[in-house]
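Presented below is the structure to which this report refers.
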Amino acid sequence: MKRIISWCEFPERVNLTKLKSILDKLNLKIDVYIASKDLKEFNRFKEKFNRIKQIKAIGCWPVLSKEQGYWYSGFTDEKYLNNLLEFKDLKLKIDIEPPIEPKKFSYFNVILWFVKYCIFSESKNKDLLSDVLNRLNKENLIISTFPLPKFILNNLIDIKDLRNSNLNLMYYSSLIPKVLRPFYRFYFKFIFNSYKKLAKKVFVAVGLIGTGVFGNEPVYKNLNEFKKDLEFVKELKVNSIVIFELSGILKRKDYEEWFNVILDCV
């Protein structure tokens, strides 16, 4: 049976009554990772989500304020990297991405953003990031990032840190222009296989069902796009399926059908 994991970037937007009802109805068990800025905020949300018995595990997804960069990488300030250690006893998902800059999503801005941080800028705290990651419980840690070639990703995180790790690669096809998606599938499969030789486990996150932190990212237009991505993930023969994002599913008018499709993958 596949493990179903859902990233929850906006826990305050989750209709817990609706979520409990659909999970009970389908007898669907999931794990949820909740975005939180500190331990106090995480514990507050965890108490609420814990009331749903079908949620088998609750992990923390540490995030920074947008002014601090939101995600983590070798570009993150020393103070904020060290603050990750307060979460060391929890199940964790840490996003490795360049510091957030664009206020809204656009292909032009995102390309410039990647070029700036992954090619032309030098990260100053990559060694400290390695030290912090090594001090966390690696068994309970998922490192999540883009499916970038290793020589590019190495500017955000030391590739050696991914050895024997739990690695999540983002297969967010909704962000890719439709005409390019067949090529993206081919590219992603190649990248997936290259990291599979390095990491202990490789997870694949599909999306976007709802918008993320930018607020205007392209999302799935219909259920068939979601199904197609889940079928692609099945071909990769992973033991876990990751969904982005929990509040986004529940906001869909036909949210029960989306959960039924997830159930079919178990």
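Note: hydrogens, waters and symmetry copies are ignored here, and every other heavy atom, side chains too, is used.
Taking 4.0 Å as the cut-off between side-chain N and carboxylate O, Lys124 and Asp77 do not count as a salt-bridged pair. A salt bridge is absent between Glu12 and Arg44: the closest approach of a Lys/Arg side-chain nitrogen to an acidic carboxylate oxygen does not fall below 4.0 angstrom. A salt bridge does not link Arg185 to Glu235: none of the charged side-chain nitrogens sits closer than 4.0 Å to a carboxylate oxygen.
Proximity of a side-chain donor or acceptor of Ser73 to a complementary backbone N or O of Pro98 within less than 3.5 Å is not detected. Of the possible polar contacts, one joining the Glu245 side chain to the Glu9 backbone as a donor-acceptor pair under 3.5 Å is found. Judged by distance alone, with hydrogens and angles left aside, the side-chain atoms of Ser174 form a donor-acceptor pair with the main-chain N or O of Pro218 at under 3.5 Å. Side chain of Asn166 to backbone of Leu141: a donor-acceptor contact under 3.5 angstrom is found. In this structure, the side chain of Tyr172 does not engage the main chain of Ala205 through any donor-acceptor pair within 3.5 Å.
Atoms NZ and CD1, from Lys56 and Ile4 in turn, are 14.5 Å apart once rounded to the nearest 0.5 Å. Rounding to the nearest 0.5 Å places OG1 of Thr17 at 10.0 Å from CZ of Arg51. Distance check, rounded to the nearest 0.5 Å: CD of Glu231 to NZ of Lys228 gives 9.0 Å. Taken to the nearest 0.5 Å, the OH atom of Tyr33 stands 16.0 Å off from the CZ atom of Phe244.
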Steps toward side-chain hydrogen bond (donor to acceptor under 3.5 Å, both in side chains) verdict (Gln54, Asn27): CA-CA 7 Å; Gln54 295 294 89; Asn27 192 27; 3.1 Å; yes
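Ring-centre distance between Phe114 and Phe146: below the 6.0 Å cut-off. Annotation: Tyr70 is not in aromatic contact with Tyr72 [ring centroid separation under 6.0 Å not met].
For Lys150, the NZ atom is densely surrounded, since the number of other residues' heavy atoms within 6.0 Å is greater than 12.
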